[in-house]
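Proteins get letters first, then strands, A, B, ... in listed order; numbering begins at 1 in each.
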Amino acid sequence: MYTQGLDQKDKSAPKREQLETPEQLEAFQARIDAEEKIEAKDWMPEAYRRTLIRQISQHAHSEIIGMQPEGNWLTRAPTLKRKAILLAKIQDEAGHGLYLYSAGETLGVSRDQMVAGLLSGKAKYSSIFNYPTLTWADIGAIGWLVDGAAIMNQIPLCRCSYGPYARAMVRICKEESFHQRQGFDILRVLCAGTAGQKAMAQDALNRWWWPSLMMFGPNDADSKHSAQSMAWKIKRFSNDELRQKFVDVTVPQAEFLGLQVPDDDLVFDQESGHYRFGEIDWQEFIEVIKGNGPCNRQRLGKRRKAHDDGEWVREAARAYGEKQAAKAAA
Amino acid sequence: MSNKEWPLYEVFIRSKSGLSHRHAGSIHAADDQMALDHARDTYTRRSEGVSIWVVRSSQIVASDPAESAAFFEPAEDKIYRHPTFYEIPEGVENL
């Protein structure tokens with residue numbers, strides 16, 4: 001589901017980069033400009049490789065961590081139908097994580113290295129998953145808003161210059177639409193229900209609206225790596241462009257539900273045809289990214305425990321596999 | 001953390017009878033049967049396939065992209081392999 005503009009500087013400037021010639025870099029940029037796809041074994045600048053590894057692994061981690069807030073409601077889904085749907089959605093998220101890890105691996109980083117980055121807290125994941133799911137309506141809000149924002153981000157990534165990433169995104173985007181619609185459907189039913197149910201939906205929108213807008217990353221003026229990513233055609237639209245697009249399509253959907261978007265400055269600008277919206281609390285965004293959101297410690301703690309608890313299973317399966325292979329060879 | 005990853009497999013899927021298997025992605029698995037099971041769960045959750053091949057990634061022999069110009073060069077100057085190379089006289093049909 002979820003990439004985010006988590007543009008951080010990589011401090012280790014590898015030596016290989018110094019061996020790159022201007023001719024190589026120019027030829028590479030010419031391929032990008034001609035809309036050619038770059039494939040795994042093709043020559044690429046180290047900085048391009050590093051940027052992709054960072055972005056793809058963060059994207060994969062987001063899918064994996066993203067299962068937790070929804071998993072919180074699996075045993076308490078209101079009906080068997082909702083439970084089955086939620087289970088299928090969460091399984092998709094695991095699948096998306098796996099597509100992305102394998103795209104990352106084509107760049108010469110191992111699955112274990114990427115997972116280690118997540119578990120040590122060195123690699124980031126989307127800030128949105130550090131918020132708690134307090135009510136069933138939050139599951140609706142996640143599907144509608146969080147997956148909706150993710151779709152905005154991810155559709156252009158289907159045309160990303162790096163072939164394996166673009167192909168993984170095509171697969172993911174095909175599945176996201178179900179996620180968004182099931183979320184909207186949860187809220188639609190709640191909004192048509194009792195006053196208490198509608199209030200629950202409104203409360204969920206109040207809490208998820210702003211964190212969803214933060215998913216697009218910092219404002220363009222503050223986004224360090226954006227220009228280079230655009231030149232490399234990893235990114236096709238800026239953070240602010242995508243955020244605007246999201247607001248424009250989502251506000252009418254909220255109106256349909258009869259819900260109030262929690263932004264006093266929200267107004268439709270006839271002239272531009274866009275909604276103007278209030279200032280995002282960037283301090284909150286920075287705090288969540290730094291690890292001080294409501295659930296950061298809980299999310300990572302749970303992932304580490306799952307990883308450690310599964311270690312004996314992974315080892316036993318490997319030992320069995322090696323034994324079978326040895327038997328077949330004998 | 002495990003000291004060794006499960007081996008990597010490449011996954012090929014036939015989406016329906018009559019079509020070839022096509023590369024879908026890759027997965028890790030401890031053995032061949034697990035590779036098939038993981039490939040099914042990862043790549044065919046919406047009935048995208050009727051048949052799956054998995055093969056250890058380490059078993060694939062691939063051409064080198066850096067050498068591709070020289071490698072594929074022999075085909076480049078043989079335009080007579082294409083039917084459009086030949087002139088068809090006016091009045092000749094079904095050719």
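Using a 4.5 Å cut-off between heavy atoms, B/A62 makes no contact with chain A at all. Interface residue A/Y320: only side-chain heavy atoms are found under 4.5 Å from chain B. Using a 4.5 Å cut-off between heavy atoms, A/R167 does not touch chain B at all. Of the atoms belonging to B/E48, it is side-chain heavy atoms, and not backbone ones, that fall under 4.5 Å from chain A. Neither the backbone nor the side chain of A/T106 comes within less than 4.5 Å of any heavy atom in chain B.
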side-chain contact (heavy atoms from CB on, under 4.5 Å) evaluation trace for B/W6 with A/R111: CA-CA 10 Å; B/W6 286 346; A/R111 178 83 53 110; over 6 Å; no
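The two atoms that bring A/G321 and B/D31 nearest to each other are CA-CB, 4.0 Å, heavy atoms only. Listed here is the closest heavy atom pair of A/A317 and B/A30: O-CB, 3.3 Å.
Side-chain N or O atoms of B/E5 include none that pairs as donor or acceptor with a backbone N or O of A/S110 at under 3.5 Å. Side-chain atoms of A/W43 do not come within 3.5 Å of backbone N or O of B/A66 as any donor-acceptor pair. Judged by distance alone, with hydrogens and angles left aside, the side-chain atoms of A/Y99 form a donor-acceptor pair with the main-chain N or O of B/T42 at under 3.5 Å.
Residue B/R22 places its CZ atom among 12 or fewer non-hydrogen atoms of other residues, nucleotides or ligands, all under 6.0 Å distant. Other residues, nucleotides and ligands contribute only 12 or fewer heavy atoms inside 6.0 Å of the CZ atom of A/R297. By the 6.0 Å contact criterion, NZ on A/K305 is open, its count of non-hydrogen atoms from other residues, nucleotides or ligands being 12 or less. Counting non-hydrogen atoms of neighbouring residues, nucleotides and ligands closer than 6.0 angstrom, the CZ atom of A/R181 reaches no more than 12 such neighbours.
Separation of atoms OG (B/S68) and CG (A/D42) is listed at 8.0 Å; rounding is to 0.5 Å. To the nearest 0.5 Å, atom OH of residue B/Y43 and atom OG of residue A/S102 are 3.5 Å apart.
Looking at B/L8 and A/E105, their side chains come closer than 4.5 Å, going by heavy atoms from C-beta outward. Side-chain atoms of B/H28 and A/Y101, non-hydrogen and from C-beta on, never get closer than 4.5 Å to each other.
Contacts with chain B were tallied for A/Q324, A/E175, A/K174; A/E175 has the most, counting heavy-atom pairs under 4.5 Å.
A salt bridge is defined here as a Lys NZ or Arg NE, NH1 or NH2 lying under 4.0 Å from an Asp or Glu carboxylate O, and B/K4 with A/E315 fails to meet this definition. Using a cut-off of 4.0 Å between Lys/Arg side-chain N and Asp/Glu carboxylate O, A/D92 and B/R46 are scored as salt-bridged.
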